[in-house]
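We're numbering straight along the sequence, starting at 1. Remember, it's 1-based here, ligands and their atoms both numbered in the order they're listed.
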Amino acid sequence: MSFVSPAKGVGFINTGQHCFSANDHCSSKNFLHSSFRLCERRAKKRCGSLNARAIVVKPEIDFEDPDWKKKFQDNFEERFNLPHLRDVLDVNPRPTTFSLKRRPHMGCDIDLEERRNGYVHGDDRALLKVIKFSSPTSAGAECIDPDCSWVEQWVHRAGPRKQIYFDPEEVKAGIVTCGGLCPGLNDVIRQIVITLEIYGVKKIVGIPYGYRGFFDDGLTEIPLSRQVVQNINLAGGSLLGVSRGGASTSDIVDSIQARGINMLFVLGGNGTHAGANAIHNECHKRKLKVSVVCVPKTIDNDILLMDKTFGFDTAVEEAQRAINSAYIEARSAYHGIGLVKLMGRSSGFIAMHASLSSGQIDVCLIPEVPFNLDGPYGILQYLAHLIKTKGSAVVCVAEGAGQELLEKSDATDASGNAVLSDIGVYIQQQIKRYFKDICIPADVKYIDPTYMIRACRANASDAILCTVLGQNAVHGAFAGFSGITVGICNTHYVYLPIPEVISSPRMVDPNSRMWHRCLTSTGQPDFH
Ligand SMILES: Nc1ncnc2c1ncn2[C@@H]1O[C@H](COP(=O)(O)OP(=O)(O)OP(=O)(O)O)[C@@H](O)[C@H]1O
Ligand SMILES: O=P(O)(O)OC[C@H]1O[C@](O)(CO)[C@@H](O)[C@@H]1O
Ligand SMILES: [Mg+2]
């Protein structure tokens, strides 16, 4: 392990999800987000560069070995192999019951039938990475070896299979939505129900209020059918309700057994996925024929490997409405400063994309990029410069940004997530204080639209994404997979083993082209 300073152009980089190192602080195999941050801080200290990043290299790879690439790929294939019911159970496939409606006059030509139903072959794969970086210093380069060689990494294609592992008559499907709200939850629920019915499933239930619904005796299952879910996509929120916190995995699996559920669809973020994987492992241990399939739900877009998660586009669209209001307020006031706080616990995707889409942001602050408020390179002096030169300014800050500037608390929510201090309120106070000190009037307008953004219904592009993900979740369960999640990678729909997408939160890479584009758009300098 060593560190790299892209500015100096040395070493090699991999911003993937694993952090392996001989270094004492960065040696955790299943490292946590905090340890990655630690790696990064050490990298910055050593390289003396703001852009320095921890190099993420598997120590077991010997690049002198002429076969290293093949070994890497074999290892990758093993990691991305999808857990299947037949791994522990003696289960046999049967012809699928999934088919598109057809008119009788079409006959029964089997080839034709197969083609129009669009079955996916079990060996179909999609490429996970599609850029060939020719140098580790290329913008946003993700390299495995020092030469940044091209290594194909294939993941399993999602979709309906010709053979299935459940008799629809015997299926009892459960759907549960956990964590915070996210636009599109109802669209996914709706599509799961509709697709299950097309397979011929008659017993479908919703588990109320997240994992809580499995252990709270006062909560009863919600029977679901096409009729029940027909219009639920017209409203935001979740028909089933959501919650944080939960019971032991063993209690949840007891409840699954008692209810006779053998397909469980779990909609949630990284915490929910960790829970779903534990449920899958417990079912595996008890040799239960239960298929656990997740659909990633996180407004923060912080799930690894995916182009995006559902609800994110809608969140960005709503966020830019708030930015637009802040801009109008700022422009209309004498020395107006608009400040908008957006969600993003550890990832600044909403703030970055909303800044990009609105085109009205002067300063975008995200958790991944440290900043100073005071001093010659601080934000406050820059705001004074903007007020002097253009009369107004608009700042967008992600909730997880600049936490190191605030007083820490050890408080956690019911799920164990750290409760963050309010960076929006803090920046607002600091701006007011600073302008008072320098005797320049400033009219600060602070907008916190976070829950408005999260509670709205999905826009058109998210509605399509939800529909495809919901359908694929059902296809995955019928194909006999368990402990998997569905996602979109490079515009193709894929199945991924849960641990691969939650080993750390996905974060904005400060060396990525997207962050650089955001900086180009805002015109902001470094604040460090
Ligand atoms: N490591 C874990 N193992 C088992 N269950 C977990 C784990 N982490 C979280 N959970 C459970 O998953 C559920 C949701 O977790 P959490 O509140 O962190 O939301 P999330 O899925 O990460 O979504 P969001 O993006 O809204 O934060 C909770 O009921 C929580 O108890
Ligand atoms: O207030 P709640 O419901 O706990 O949710 C807040 C959190 O949810 C998230 O949007 C993730 O879903 C975070 O960005 C945010 O901190
Ligand atoms: Mg989470």
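- In summary, the atoms of ligand 2 found under 4.0 Å from a heavy atom of Glu399, numbered by their order in the structure, are 13 (C), 14 (O), 15 (C), 16 (O).
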Passes salt bridge (Lys or Arg N to Asp or Glu O under 4.0 Å), Asp254 versus Arg286? Steps please.
-> CA-CA 10 Å; Asp254 288 349; Arg286 296 190 196 181; 2.7 Å; yes

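- When hydrogens are left out, the protein atom nearest atom 14 (C) of ligand 1 is Thr272 OG1, 3.2 Å; that is the closest non-hydrogen contact.
- Here is the list of ligand 1 atoms found below 4.0 Å of a heavy atom in Lys297: 23 (O), 24 (P), 25 (O), 26 (O).
- Remark: ligand 2 atoms within the under-4.0 Å shell around heavy atoms of Ile299 are 10 (O).
- For ligand 1, the atoms closer than 4.0 angstrom to any heavy atom of Asn417 are 16 (P), 17 (O), 18 (O).
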Pair Glu399-Arg345, salt bridge (Lys or Arg N to Asp or Glu O under 4.0 Å): steps then yes or no | CA-CA 6 Å; Glu399 63 176 330; Arg345 212 194 285 273; 5.8 Å; no

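- Using modelled atom types, one finds no donor on one side chain facing an acceptor on the other under 3.5 Å when comparing Asp300 with Ser347.
- Those atoms of ligand 1 that come under 4.0 Å of a heavy atom in Arg345, given as number and element, are 27 (O).
- Of the protein's non-hydrogen atoms, Ala274 CB, 3.5 Å is the one closest to atom 2 (C) of ligand 1.
- By the 4.0 Å heavy-atom criterion, Gly245 is counted among the residues contacting ligand 1.
- Where the criterion is an N or O separation shorter than 3.5 Å, residue side chain and backbone included, Gly269 meets it with respect to ligand 1.
- The protein heavy-atom contact nearest to atom 5 (O) of ligand 2 is Arg454 NH1, 2.8 Å.
- Atom 4 (O) of ligand 2 has its closest protein heavy atom at Arg244 NE, 2.9 Å.
- Distances from atom 9 (C) of ligand 2 to the heavy atoms of Asp300, Asn270, Leu342 put Asp300 nearest.
- For the residue pair Thr177/Ser238, the side-chain donor-acceptor check at 3.5 Å is satisfied.
- Not less than 6.0 angstrom separates the ring centroid of Tyr495 from the ring centroid of His475.
- Counting heavy atoms only, Gly275 comes closest to atom 5 (N) of ligand 1 of the residues Ser243, Gly275, Cys182.
- Looking only at protein heavy atoms, the nearest one to atom 30 (C) of ligand 1 is Ser415 OG, 3.5 Å.
- The residues Lys172 and Glu221 are annotated as salt-bridged, a charged nitrogen and a carboxylate oxygen being separated by less than 4.0 angstrom.
- Residue contact annotation: Asn270 places an N/O/S atom under 2.8 Å from the Mg ion (ligand 3).
- A heavy-atom separation below 4.0 Å is not found between Gly269 and ligand 2.
- Nearest protein neighbour of atom 19 (O) of ligand 1, counting heavy atoms only, is Arg244 NH1, 3.2 Å.
- Those atoms of ligand 2 with a heavy atom of Tyr451 less than 4.0 angstrom away are 1 (O), 2 (P).
- The shortest heavy-atom contact between Gly269 and Thr298 is CA-CB, 4.5 Å.
- Side-chain contact check for Ser325 and Arg321: no donor-acceptor pair (N or O, by modelled atom type) lies under 3.5 Å.
- Side-chain contact annotation: Gln524 with Asp362, donor-acceptor N/O pair under 3.5 Å absent.
- Between Phe478 and Tyr165, the ring center distance fails the sub-6.0 Å criterion.
- Considering both main-chain and side-chain atoms, Asp413 never comes within under 3.5 Å of ligand 1 through any nitrogen or oxygen pair.
- Seen from the ring of Phe349, Arg506 counts as a face-on cation partner, given the 6.0 Å and 45° thresholds.
- Nearest protein heavy-atom neighbour of atom 10 (O) of ligand 2: Met343 SD, 2.8 Å.
- Interface of Gly180 with ligand 1, defined as ligand atoms under 4.0 Å from a residue heavy atom, comprises 26 (O).
- The single protein non-hydrogen atom nearest to atom 6 (C) of ligand 1 is Gly271 O, 3.3 Å, given as residue, atom name and distance.
- Between Asp87 and Lys287 there is no salt bridge, since no side-chain nitrogen of the basic residue lies less than 4.0 Å from a carboxylate oxygen of the acidic one.
- Applying the 6.0 Å contact sphere to CD of Glu404 captures more than 12 heavy atoms from other residues, nucleotides or ligands.
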